[in-house]
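What follows is a single structure, written as structure tokens, with notes after it.
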Amino acid sequence: MTVKWSTDLTANMATRRDLAADLPHSQPSLLPGWRVGCGYAARAFLGRFAKDEPAKGMLRVVRLSDGATWTVSGGTPSDPKGQEFYWDEVYGVTCSEVWALAVSSIDSGTYRIRLDSLGPPTPAAP
């Protein structure tokens, strides 16, 4: 959701605009909220692409100008350990990257995800 900045709650409510919804199978979680920067918002959440999959830490990135979204799931990095990881927290968003914490059963680390590497977005629902 976006809104033109104002200290007047009535003005905020009148100019708010819904951009995107979470995945239909996402779950409420204790993961930290949205991080916003340079026209993008991102957060980690517990979700799944299909109802019968186990929930895992994923990332949602939203372009605030038009509501286009990207969902980034965890996976297996191309490192020698080959441990499956999940996204746990977004630290920040810049004009070109999302910085996030990835966690596996044996390790964790901060990763930068280039926005231009996310591929085509899912358009905002009308």
Inter-residue atom distance [X].[atom1] - [Y].[atom2], 0.5 Å rounding:
X: C95; Y: Y40; atom1: SG; atom2: OH; result: 8.5 Å
X: D88; Y: S108; atom1: CG; atom2: OG; result: 8.5 Å
X: I113; Y: L118; atom1: CD1; atom2: CG; result: 7.5 Å

Which atom of V61 lies closest to which atom of A42, heavy atoms considered: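 Closest approach of V61 to A42, heavy atoms only: CG2-CB, 4.1 Å.
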
Derivation of the side chain to side chain contact (heavy atoms under 4.5 Å, CB included) call for T71 and F45: CA-CA 10 Å; T71 301; F45 68 99; 4.3 Å; yes

Are [X] and [Y] side-chain neighbours, meaning at least one heavy-atom pair lies under 4.5 Å?
X: R60; Y: W70; answer: no
X: L64; Y: V36; answer: yes
X: L59; Y: Y86; answer: no
X: E89; Y: R43; answer: no

Audit row: Y91, T110, side chain to side chain contact (heavy atoms under 4.5 Å, CB included) steps and yes/no: CA-CA 9 Å; Y91 291 138; T110 301; 3.4 Å; yes

With sequence neighbours excluded, residues passing side chain to side chain contact (heavy atoms under 4.5 Å, CB included) with T94: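 T94 satisfies side chain to side chain contact (heavy atoms under 4.5 Å, CB included) with S96, E97, W99 once adjacent residues are dropped.
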
Sequence-distant partners of T122, side chain to side chain contact (heavy atoms under 4.5 Å, CB included), two or more places apart: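 T122 satisfies side chain to side chain contact (heavy atoms under 4.5 Å, CB included) with T69 only.
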
Ring geometry between Y111 and W87 (parallel below 30°, tilted from 30 to 60°, perpendicular above 60°):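 W87 and Y111: perpendicular rings.
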
